[in-house]
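Take a look at the structure below.
In what follows, every chain begins at residue 1, and chains take the letters A, B, ... in the order their sequences are listed. All of these numbers come straight from a predicted model, not from anything done at the bench.
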Protein chains: 2
Amino acid sequence: MRPNQPSLTPAGEVKRAQPPTLRDVAEAAGVHAATASRALNPSTRRLVSAETARRVIKAAKTLGYQPNPIARSLKTAKSSTVGLVIPDLTNPLFPPIVRGIEDVLEAEGFSAWIVNTDNDPERERVRIDSLRSRQVEGLIIATARVEHPFLEALHEQGVKMVLVNRRVENLEVPCVTADDATGIALAVRHLAELGHRRIAHLAGPHSTSTGVVRSRAFRHAIRDHGLEDDPSLIVECAHWNEADGAAAMRELLDRDDRFTAVVAGNDLIALGCYDVFAERGISCPDEMSVVGFNDMPFIDKLRPPLTTVAVPHHDIGAEAARMLLDCIEEPDRRPRSLLLPVTMVVRDSTTRPRPLPSA
Amino acid sequence: MRPNQPSLTPAGEVKRAQPPTLRDVAEAAGVHAATASRALNPSTRRLVSAETARRVIKAAKTLGYQPNPIARSLKTAKSSTVGLVIPDLTNPLFPPIVRGIEDVLEAEGFSAWIVNTDNDPERERVRIDSLRSRQVEGLIIATARVEHPFLEALHEQGVKMVLVNRRVENLEVPCVTADDATGIALAVRHLAELGHRRIAHLAGPHSTSTGVVRSRAFRHAIRDHGLEDDPSLIVECAHWNEADGAAAMRELLDRDDRFTAVVAGNDLIALGCYDVFAERGISCPDEMSVVGFNDMPFIDKLRPPLTTVAVPHHDIGAEAARMLLDCIEEPDRRPRSLLLPVTMVVRDSTTRPRPLPSA
DNA sequence: CTGGCCATCGCAATCGTTTGCGGTTAAATC
DNA sequence: GATTTAACCGCAAACGATTGCGATGGCCAG
């Protein structure tokens, strides 16, 4: 691919000229390539006279010169590139985060390689290795588990990274997440205010920090509101998806049907609940209230529209990217952690509990 | 970011060694860097003796050598990189396509830069320019419009590209799309078989090939089945989204409420219909049947679950990537076009028409 | 008038690979 | 045993940019 205009050779046939190089620009401006380089780079421009700088810049413009980022990277050992490690782009949670990331990256002249791990640790290792061999300057990781030796190893090796949505224990790296704890607190308060007293929780996997934070916050909130604090009302889903959400819901219903509301670990798990409701003819919200987490796109189109806690995905991505850029610029700054505020969005999947059957 | 192990300097403090270079490998194997290069590259390996090849490979392995793709790119003028131009990653249509693309790309050692244009031609120009300055070897384009001078210009300049989901008139470049025409035919047949005689079509924008192909196919199918062929039953949406779908639906209902079914240009437009049904208290499918197009993720979770025609998004992406790689390998092959088969998936948004009020 | 300083710019090395070319060696031919 | 031939490998020049260092020249101060 030749990013420049075709030109005519003397013989007349169309020939694609090579893109102009820095040398060409220098020659056109009557200076040495080194001078041209300095003139074009704002931070070194003070090393050349204003007059020659003007000439060089003009020449660059008329030639349509575009610096070759590959040559530049080779020399400077900077690739202006970061890696973005997510489980699966197909999960609607991630596209908004990705866009947030790319919005700030590209404003700084960076860009991102995206890799999907499908939650497979081995795939993750391979993908990250390939990212590193492509000389990325840092990593944004959305696949962190509570115990994650591989990430620890990377950190030991000085790989710059920031975590999104997840934390890992004993790992001193910056991370940006939603304020899960207050999100869950809001959800429980909403249900309590509606009059629910016996509330279940379909927790996310405890291998992820989000899973443990949310389920801990759930227990706290239950106690704070003086609701029924029954450990058997909490069941852990194996993964953050519909199938495992549905499985957990079935398990719960099979052993106890006296709860009137459920706080799902996230929207997908809530979707699993919907499936079970359809299976068993349970009407939501009349017989069972559900609140999700994340406010995924299109989750408001469900029947009933899902009450959930909205997470600023775009901001999460943007802040993560900014943080990574900060780390790259000043390598030994203390890692900060960012907790982004969430909001409760009440829709139609929650309502007052129906009075228990007066049996 | 240093992709290798930290090591100890004589002084004892931790120092991150430089990643091993080809020179290091060569030295370790007791050969020249050129020889090492040939030994490591399968296609030039026959130029060195089996024995030295073995030594070099072994040395590379023990040193953990990873070729520097930047240096290689500089020398070979190949970046092993393609650009992927989509309107908006947040549209659930695209993530599966992207994954399909990346699956085949990465098997060939390529990777993709993704850019979002938000359907803004100017943004598109800027993004594509930036892609080209990053030396991509080709482009996969999902934002094509029927008239698209910019793409024509790129093609003139010899930029390799393949179109997904869209075609552009008078542009001889390969493209891979779903078989829109038979998809629409299937939808219409489905409705006809249910007994619908007066069917509306909310067409996608005619600035996109998909919009014109689908609406033309709709008219043909209507005639083929001998249904009511009323041009006023076709209205064009300004964009492929819910808002414009809803607007078109309102317009349609305001001037004619005697149709009993609607073929939406795609699932998002169908979603817009759902919104209008809710506004106006129209019950779907009892009073109005709807069929969408694409079978977006989660569209089966709607109430009612949407009848739609399923498109093999992952395959579309995969085939497009393969095609682009083919173009890159043998530049002057004739552009082929691929039409991928679609399937009808019947859910609950379509049923027999209710007998007209016996007024 | 001379010495020193500063601004400006060119020289050349460098980043890590790839590759055309030429040189060395050993095997094959007569 | 001399010569052709092939196999193997090293030399060095790229690719296109950046950058330390040194050269040049002008200017000012002593």
- Query: Atom CG of Leu74(A) and atom P of dC15(D): how far apart are they, to the nearest Å?
  - Reply: 14 Å

- Message: Just checking Glu27(B): does its CD atom have more than 12 heavy atoms from other residues, nucleotides or ligands closer to it than 6.0 angstrom?
- Response: no

- Arg322(A) CZ to Asp103(A) CG distance, which is reported to the nearest 0.5 Å: 10.0 Å

- Message: Once you apply a heavy-atom cut-off of 4.0 Å, does Thr52(B) come out as touching a base, just sugar-phosphate, or nothing?
- Response: sugar-phosphate

- Query: On DNA chain D, nearest-nucleotide positions of Lys75(A) versus Ala71(B): which is more 5'?
  - Reply: Ala71(B)

- Task: Determine yes or no for a side-chain-to-main-chain donor-acceptor pair under 3.5 angstrom, with Glu137(A) supplying the side chain and Ser80(A) the backbone.
- Result: yes

- Message: Can you confirm whether more than 12 heavy atoms, excluding those of Arg23(B), are under 6.0 Å from its CZ atom?
- Response: no

- Result for 5'-nearest mapping on DNA chain D, choosing between Val31(B) and Ser37(A), is Val31(B)

- Query: Taking OP1 and OP2 of dC9(D), is either one under 4.0 Å from a side-chain nitrogen or oxygen of Ser49(B)?
  - Reply: yes

- Message: Quick check for you: name the first and last nucleotides of DNA chain C, 5' to 3', having an atom under 4.0 Å from a heavy atom of chain B.
- Response: dG16(C) to dG20(C)

- Query: Looking only at heavy atoms, which two atoms of Arg99(A) and Arg123(B) are closest? And how far apart?
  - Reply: NH2-NH2, 3.6 Å

- Task: Kindly say if Thr76(A) contacts the phosphate of dA17(D), meaning a side-chain N or O under 4.0 Å from OP1 or OP2.
- Result: no

- Task: Could you check how far CG of Leu47(A) sits from C1' of dT18(D), rounded to whole Å?
- Result: 12 Å

- Task: Quickly work out the Arg38(A) CZ to dT18(D) C1' distance and round it to whole Å.
- Result: 9 Å

- Note on the structure: To the nearest angstrom, the NE2-P distance between His32(A) and dC21(D) comes to 17 Å

- For Arg132(A) and Gln157(A), test the side chains for any donor-to-acceptor distance below 3.5 angstrom and give the result as yes or no. yes

- Gap between atoms CZ and P, on Arg72(A) and dC15(D) respectively (whole Å): 18 Å

- Would you mind reading off the distance between Ile70(A) atom CD1 and dA17(D) atom C1', rounded to a whole angstrom? 12 Å

- Just how far, in rounded Å, is C1' of dT18(D) from CZ of Arg45(A)? 16 Å

- Glu51(B), CD: over 12 other non-hydrogen atoms inside 6.0 angstrom: yes

- Mind checking Pro67(B) for me? I need base, sugar-phosphate or nothing, with any heavy atom below 4.0 Å counting as a touch. sugar-phosphate

